[in-house]
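To start, the structure itself, in structure tokens.
These numbers come from a predicted model, not from an experiment.
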Amino acid sequence: MATLQEALLIAFDLQREGRFAEADSVYGQILDAVPGHPPALHLRGLLLAQCGRLEEGCALVGQAIAGDEGQPDMHANHANLLEALGRFGAAAAALARAAALDPERVALLNNFAVRRLAADDPAAAEQALRVAVDLQPGLADPRINRAQALDALGRTDEALAQRRIAALLVPDDAGLLGALALWPDAAEADLRRALRLDPERAELWNRLGAWRKDRGALSSARSAYERGLALDPADAALWNNRANVRKGQGDPGGARDALRRAAALQPESAAIRNNLADAHTLCGDPAAALAEAEAALARDPALADARLARAAALLALGRFAEGWDAWEDRWSAEPWCRTAGRFPQPLWTGQPLRDGRLLVWGEQGVGDELMFATMLPLLTQSSTDKTQSSTGALAGCLLECDARLAPLFARALPGVEVVPRGPVPVPRLSAPDIAAQIPSGSLPRLLLRGEEDFRRLRPILAADPARAPAVRRGGGRPLVGIAWHTTNPKWGRLRNVPPADLARALHAAGADMVVLQYGDCAGEVAALAAEGIAITLPPGLDRKDDLDGLAAQIAATDLVVTIDNATAHLAGALGHPVWVLLSHAADWRWLVGRDDSPWYPSARLFRQPAAGDWRTPLDAVTDRLRALFR
């Protein structure tokens, strides 16, 4: 008679040969003789599973484990059957027990997790990999795969920690280091290390370029993007990012060319189309900007920046009715979205307010506040039938404005209650007598629907007669106030005129000059004095914060020559002669191709014919000044 062990071997051989019925008969005899015998239960369970009887086979293997829990093979096979039955959590637990008994079986946990990740089941994968990492903390693969599972579960900080530990375990794994380098908080050292191992990966060059651009290193960022494009010239993201650097370097034409490549590679990208619209704007082509903004909105109607670009292009083209309607979309874009909903009163739409008062509140910078304030007299006076029908019943207005403008507005607008804007909300602005509110930039939508409406605008400011200007006219030479700089982060590079070029042009025309530019100008003035060009710095005048004093100084000049900055708006609102030097890509408020301004009748515009060419408008200023004061 065969021993129990010999009987098991006979049954197992029959099973391997595919003689399942005979093998099952022998397993049955063994279990009749020794009920609950773990090896027989285990092998018979596997046999039933081979025959398609998974549930019965899994149950028998479970019984075998109950009789002998110390066999890793049983737990591993039980896990396979549980996985086949779709019981993934139980399968992971069974594999964990197998690996706990035999640490070499951690590989089974890792392989199971890979299958679950492929099946989009990160929870089961993470469960298995957590055990694998605990059992074999020195293995990198389970940590890398666990990071993937944690990412899928939204536990990104934990995922990053696993990748960082794995990178210490396998410091030469280019793929892992590349993944770490693409993490949002990766440092330049991480990117360089990854690129040393994998310099042919364009995505890493793109990330290095972004890291450098965010820190203002535009030249090296551009080099990184160009390295990436050399590897993958069909990468639209690289072309797009390279374009953004070229914008920052003052090369809008190069940016536009790069964005055209990006748009050709990825024509359905609303973001790229929007960036191309911005590049057209920077190149002084609002018609092309309008077309691209509308193309972006056709792909993503909610894209706030494209809505703003469309509005600006319409206004630059003089399509005022459409433009002002579109301008209301600014509240979904930066920086307007930060101040949307500042006041609780209902938005004024032009209706009579009977006994209520209207709050008009300033938005954006000093220049915008001055420009839009020119409409306030239209609200408080019935100068035309059109004005009468919409505003004649207004009991009065309040104007909330930059505190530096409050003295000027209070003197110029006696029918308006002026409230300086402070760091905290002013209680007066929530008083019950205020029936409605409107941001000043929304007034044109009601009052300036066509160019003919601008003819009702008049200069609203007057210099304080009690404020003696620091510098007065003297002698036979004209006194010209000058400003040449703006700190606007996007437009400053295009708008700013070299002060020496401006001063030399006016000196050649026989003008005396007084500085209206805010900031520390002493160095520029001293350098020009060394050339024999005298420019006066008004003593004791704070040209940034004392705008009432600056207005008095402007009024004491014969003429102001300035770039597009707050000085231009202050001179225009005073009705003082002002010549504005405009870049080739002038702001929408100056329209296209005009030498006059509908906002300020006293202004004359001198435009660059091409980007970077200040010589042409400065020569025109020199010639006109000579003719005017001959």
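Among residues two or more places apart in sequence or in another chain, the side-chain contact (heavy atoms from CB on, under 4.5 Å) test is passed with A463 by A555. Partners of W361 according to the ring pair (Phe, Tyr, Trp, His ring centres under 6.0 Å) rule, which considers only residues two or more places apart in sequence or in another chain, are W331, F343. Under the salt bridge (charged side-chain N to carboxylate O under 4.0 Å, His left out) criterion, D545 pairs with R404, sequence neighbours left out. H569 is linked by a ring pair (Phe, Tyr, Trp, His ring centres under 6.0 Å) to W590, Y600, counting only residues two or more places apart in sequence or in another chain. Take W614 and apply the ring pair (Phe, Tyr, Trp, His ring centres under 6.0 Å) test, not counting sequence neighbours, and it matches no residue. For R227, there are no salt bridge (charged side-chain N to carboxylate O under 4.0 Å, His left out) partners two or more places apart in sequence or in a different chain.
Ring geometry, F320 versus F454: the interplanar angle falls from 30° to 60°, so the pair is classed tilted.
Across S602 and A571, no two heavy atoms sit closer than the pair OG-O, 4.3 Å.
When atom types are taken as modelled, the side chain of D329 and the backbone of L308 share no donor-acceptor pair closer than 3.5 angstrom. Remark: side-chain polar atoms of R357 are not paired, donor with acceptor, to backbone N or O of L398 under 3.5 angstrom. Remark: the backbone N or O of R242 is not paired with any side-chain donor or acceptor of W239 at under 3.5 angstrom. At distances below 3.5 Å, at least one donor-acceptor pair connects side-chain atoms of N565 with backbone N or O atoms of H485. Checked by atom type and distance alone, the side chain of R493 never pairs as donor or acceptor with a backbone atom of D251 at under 3.5 Å. Side chain of R307 to backbone of S332: no donor-acceptor contact under 3.5 angstrom is found. Distance alone, capped at 3.5 Å, places no donor-acceptor pair between the T616 side chain and the D613 backbone. In this structure, the side chain of R299 engages the main chain of P267 through a donor-acceptor pair within 3.5 Å. No donor-acceptor pair under 3.5 Å is formed between the side chain of Q608 and the backbone N or O of A586. A donor-acceptor distance shorter than 3.5 angstrom exists from the side chain of S223 to the backbone of S219, with no hydrogens or angles considered.
Considering CG of D564 and CG of L494, their distance stands at 11.0 Å, rounded to 0.5 Å. Put simply, CG on L628 and CG on L559 are 7.5 Å apart, with the number rounded to the nearest 0.5 Å. The CG atom of L581 sits 14.5 Å away from atom CZ of R604, with the distance rounded to the nearest 0.5 Å.
Under the 3.5 Å distance criterion, with hydrogens and angles disregarded, no donor-acceptor pair is assigned to the side chains of T349 and R445. With hydrogens and angles left out, the side-chain atoms of D235 and N206 include no donor and acceptor closer than 3.5 Å.
Residues H576 and V560 form a side-chain contact, since some pair of their non-hydrogen atoms from C-beta on lies under 4.5 Å apart. Residues V360 and V416 fail the side-chain proximity criterion, which asks for heavy atoms closer than 4.5 Å. At a threshold of 4.5 Å between non-hydrogen side-chain atoms, the residues L208 and R212 count as touching. Looking at heavy atoms from C-beta onward, P439 lies in side-chain contact with L347 at the 4.5 angstrom threshold. Using a 4.5 Å heavy-atom cutoff, the side chains of N240 and L259 are in contact. Side-chain contact between I554 and V578 is absent, with no heavy atoms from C-beta onward closer than 4.5 Å. Here the side chains of W579 and L625 are in contact, with some heavy-atom distance below 4.5 Å. Looking at P344 and Q437, their side chains never come closer than 4.5 Å, going by heavy atoms from C-beta outward.
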task: I would like to know whether R543 and L537 meet side chain to side chain contact (heavy atoms under 4.5 Å, CB included); could you show each step before the answer?
output: CA-CA 10 Å; R543 297 179 300 280; L537 272 171; 3.7 Å; yes

message: I'd like to know whether E400 forms a salt bridge (charged side-chain N to carboxylate O under 4.0 Å, His left out) with R342, so could you lay out the CA-CA distance, the side-chain angles of the two residues, the decisive distance to 0.1 Å, and finally the verdict.
response: CA-CA 12 Å; E400 187 243 24; R342 284 184 62 210; 2.6 Å; yes

message: Applying side chain to side chain contact (heavy atoms under 4.5 Å, CB included) to E363 and R330, what does each step give before you reach the verdict?
response: CA-CA 11 Å; E363 51 175 294; R330 69 193 183 280; 2.8 Å; yes

field: Derivation of the side chain to side chain contact (heavy atoms under 4.5 Å, CB included) call for Q517 and T567
entry: CA-CA 8 Å; Q517 176 66 52; T567 303; 5.9 Å; no

- request: Applying salt bridge (charged side-chain N to carboxylate O under 4.0 Å, His left out), run through D278 and K247 and close with a yes or a no.
  value: CA-CA 10 Å; D278 185 59; K247 286 181 191 178; 2.9 Å; yes

task: Under the side chain to side chain contact (heavy atoms under 4.5 Å, CB included) rule, what do V480 and T557 come out as? Steps first, then yes or no, please.
output: CA-CA 6 Å; V480 179; T557 66; over 6 Å; no

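A salt bridge links R222 with E226: the distance from a Lys NZ or Arg NE/NH1/NH2 to an Asp or Glu carboxylate oxygen falls below 4.0 Å. Classification of R428 and E417 as a salt-bridged pair holds, one side-chain N sitting under 4.0 Å from a carboxylate O. Salt-bridge formation is detected for the pair E369/R421: a Lys NZ or Arg NE/NH1/NH2 atom is positioned less than 4.0 Å from an Asp or Glu carboxylate oxygen. A salt bridge does not link K544 with D542: none of the charged nitrogens is closer than 4.0 Å to a carboxylate oxygen. Using a 4.0 Å cut-off between charged nitrogen and carboxylate oxygen, R449 and D325 count as a salt-bridge pair. Between D257 and R246, no side-chain nitrogen of the basic residue sits less than 4.0 Å from a carboxylate oxygen of the acidic one, so the salt-bridge criterion is not met.
Taking the centre and axis of the six-membered ring of W599, the NZ or CZ atom of R589 falls outside the cone set by 45° and 6.0 Å.
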